[in-house]
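We name chains A, B, ... by the order of the sequence lines, and we start the count at 1 in each one.
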2 protein chains.
Amino acid sequence: MDIRTLCLGALSLGDATGYDIKKLFDEAFSHFFAAGYGSIYPALEKLAEEGKVAYDRQQQEKRPDRKVFRITATGREAFITELIDTPPREKLRSEFLVLMFFAHLLPPQRLAAVLQERLDESQRELAILEELARRELPAGMKFTIHYGQAITQAAIVCIKENQARLIRDVNATVNECNPSTLR
Amino acid sequence: MDIRTLCLGALSLGDATGYDIKKLFDEAFSHFFAAGYGSIYPALEKLAEEGKVAYDRQQQEKRPDRKVFRITATGREAFITELIDTPPREKLRSEFLVLMFFAHLLPPQRLAAVLQERLDESQRELAILEELARRELPAGMKFTIHYGQAITQAAIVCIKENQARLIRDVNATVNECNPSTLR
DNA sequence: TCCAATATATATCTATTAGATATATATTGT
DNA sequence: ACAATATATATCTAATAGATATATATTGGA
């Protein structure tokens with residue numbers, strides 16, 4: 001599953017500009033599928049070439065012409081097919097856990113700062129999800145929010161329950177890292 | 001933070017071949033930073049060019065020469081700097097949640113199958129983490145496993161607690177999806 | 001009233017990455 | 001005996017992330 005598929009999904013919810021679609025990626029999709037302009041505009045271009053979307057240009061003064069995209073029947077069909085065929089994978093890329101994995105190489109203050117920063121960021125993510133949860137949404141969309149809340153909350157609890165011991169243990173065993181255990 | 005940094009990290013644990021490093025990505029790193037051969041070999045090449053790693057070739061009969069990489073002082077310094085400077089971000093890419101978000105477009109059996117498949121996959125991930133947890137590991141590495149277990153367990157609980165109602169509600173409100181709520 | 005911050009819009013570019021693919025023998029387990 | 005897995009080296013290409021460019025309108029605070 002790729003950015004083009006998500007753009008089709010965004011347009012299945014209603015006509016939108018590239019700028020509107022970016023906002024969806026930044027808000028409703030943000031906790032499970034991020035994308036930037038660098039991927040969105042080329043994806044829309046490709047989808048238009050493939051006949052899966054079409055667009056109207058709305059001339060604007062002193063601004064680039066607005067392109068309002070809409071999904072076509074071809075695009076809708078392709079989108080449904082992708083929803084049927086895509087395996088429900090998940091993939092986490094966590095720089096936070098990389099830093100924890102190599103915590104024995106971090107100065108103590110840095111370790112403490114990283115944990116605090118991760119807690120702060122997680123609280124912000126929860127606030128965003130709380131805001132999303134207030135909306136009247138279909139069941140599936142609500143579920144994605146609950147899911148995001150559940151795993152973010154679990155992350156927060158895990159950090160809070162372990163950080164004191166982690167900081168103590170890392171400091172106590174800085175030179176005991178045994179690489180051969182990992183192979 | 002990128003693949004090269006993680007390769008430096010892997011080599012900070014001990015000398016290794018590209019194949020060994022791939023195994024680390026598939027095991028100890030797998031729940032927070034995946035990478036394949038397509039990224040690892042070019043990363044090692046680049047690091048060697050930059051003087052951050054060096055390698056010995058060990059001739060083998062009937063197989064490509066073994067390249068055993070080791071981190072250099074330059075590389076270790078660069079790695080520590082990266083650990084100090086990298087913000088502790090996290091990013092989830094979840095095709096599962098995309099499917100849930102658009103659940104109103106899925107046939108009921110497909111929705112049920114996706115949920116079950118995600119549960120099955122999460123159980124497998126827990127088993128892998130359980131296996132990793134049995135090893136004698138430094139505190140930071142242990143923490144990454146606990147963290148992975150906490151969020152995977154939370155995901156499982158969330159799916160189990162919500163799946164029946166989700167399936168019922170999605171079927172009941174298939175045509176009530178209101179896109180304007182998302183903008 | 002002024003001005004900084006934010007919103008609204010379109011994009012392009014390039015280094016990195018994911019995943020597929022290639023090659024090929026040794027070892028292990030059924 | 002043979003299939004499956006392990007051990008090894010890679011390359012290739014389409015997709016992506018993130019930075020960057022351009023530029024005005026609107027909003028909110030001082």
Side-chain angles (χ1 to χ4, degrees), chain A residues 1-8 15-27 29-30 32-50 53 55-69 82 86-87 89-95 98 183, chain B residues 1-8 15-27 29-30 32-50 53 55-69 82 86-87 89-95 98 183:
Chain A
M1 180 173 278
D2 54 14
I3 304 297
R4 286 200 293 279
T5 303
L6 261 289
C7 287
L8 287 177
D15 297 358
T17 63
Y19 182 84
D20 290 330
I21 293 172
K22 167 75 159 116
K23 278 197 297 188
L24 264 181
F25 276 102
D26 287 349
E27 296 167 8
F29 298 166
S30 67
F32 58 85
F33 207 109
Y37 292 121
S39 328
I40 293 170
Y41 282 106
L44 290 170
E45 201 61 38
K46 190 79 183 303
L47 290 168
E49 285 172 18
E50 294 169 351
V53 306
Y55 60 90
D56 294 321
R57 274 181 190 279
Q58 290 174 2
Q59 206 164 15
Q60 294 195 114
E61 293 190 29
K62 297 168 179 164
R63 269 183 186 170
D65 292 353
R66 220 166 168 265
K67 271 168 159 170
V68 183
F69 290 88
E82 187 75 12
T86 296
R89 279 191 294 258
E90 292 201 313
K91 195 173 198 180
L92 178 67
R93 174 67 56 99
S94 174
E95 273 121 10
V98 173
R183 287 202 276 284
Chain B
M1 179 174 281
D2 54 16
I3 306 297
R4 289 200 292 278
T5 303
L6 262 289
C7 289
L8 287 177
D15 297 355
T17 63
Y19 182 82
D20 290 330
I21 292 171
K22 168 73 158 109
K23 278 197 294 185
L24 264 181
F25 276 103
D26 287 350
E27 297 166 8
F29 297 165
S30 67
F32 58 84
F33 208 109
Y37 292 120
S39 324
I40 293 169
Y41 283 107
L44 290 170
E45 200 62 37
K46 191 79 186 304
L47 289 168
E49 285 170 18
E50 293 170 351
V53 307
Y55 60 89
D56 295 320
R57 271 181 192 279
Q58 291 174 0
Q59 206 165 15
Q60 292 195 116
E61 292 189 30
K62 297 167 181 164
R63 269 179 184 172
D65 292 353
R66 223 166 167 264
K67 269 168 162 173
V68 183
F69 291 86
E82 187 75 14
T86 296
R89 280 191 292 260
E90 291 201 316
K91 194 176 201 173
L92 178 68
R93 173 71 53 103
S94 175
E95 275 122 11
V98 173
R183 283 201 277 281

Spacing of B/I40 atom CD1 relative to C/dT16 atom C1', expressed in whole Å: 14 Å
Sequence neighbours excluded, which residues qualify as salt bridge (charged side-chain N to carboxylate O under 4.0 Å, His left out) partners of B/K46? B/E50
Mind calculating the distance between CD (B/E50) and P (C/dA15) to the nearest angstrom? 14 Å
Tell me whether the centres of the aromatic rings in B/F29 and B/F33 are closer together than 6.0 Å. no
Whole-Å distance, B/F25 CZ to C/dT16 P, equals 15 Å
How would you list, by chain and number, every residue that makes a salt bridge (charged side-chain N to carboxylate O under 4.0 Å, His left out) with A/R63, sequence neighbours excluded? none
Do you know which two heavy atoms are closest between A/S30 and A/E27, and how far apart they sit? OG-O, 2.9 Å
Regarding B/K22, tell me which of base, sugar-phosphate or nothing describes its non-hydrogen contacts under 4.0 Å with the strands shown. nothing
Taking only N and O in the side chain of A/R93, is any of them less than 4.0 Å away from OP1 or OP2 of D/dT16? no
Could you run through nucleotides 5-13 of chain D and give me one letter per nucleotide, 5' to 3': B if any protein heavy atom sits under 4.0 Å from the base, S if only the sugar-phosphate is that close, - if neither? -SBBBBBB-
Could you pull out all residues at least two apart from A/F69 that satisfy ring pair (Phe, Tyr, Trp, His ring centres under 6.0 Å)? A/Y55
Give the minimum heavy-atom separation between B/V68 and B/Q58, together with the two atoms involved. CG2-NE2, 3.6 Å
At what angle, to 10 degrees, do the two end axes of the helix from C/dT1-D/dA30 to C/dT30-D/dA1 meet, given five pairs define each axis? 60°
Residue list, salt bridge (charged side-chain N to carboxylate O under 4.0 Å, His left out) with B/R93, at least two apart or on another chain: none
Return the minimal non-hydrogen interatomic distance between B/G18 and B/L44, and the atom names on each side. CA-CD1, 3.9 Å
Mind calculating the distance between CZ (B/F33) and C1' (C/dT16) to the nearest angstrom? 11 Å
Without decimals, in angstroms, what is the distance between A/D2 CG and C/dA20 C1'? 16 Å
From C-beta outward on A/K62, which listed nucleotide comes closest to its side chain: C/dT16, D/dA25, C/dA18? D/dA25
Between D/dA17 (C1') and B/E90 (CD): distance, integer Å: 18 Å
Provide the closest heavy-atom pair for A/I40 versus A/K22 in the form atom of the first, atom of the second, distance. CD1-CA, 3.7 Å
Within the structure shown, what part of the strands sits under 4.0 Å from A/A43 by heavy-atom distance: base, sugar-phosphate, or nothing? nothing
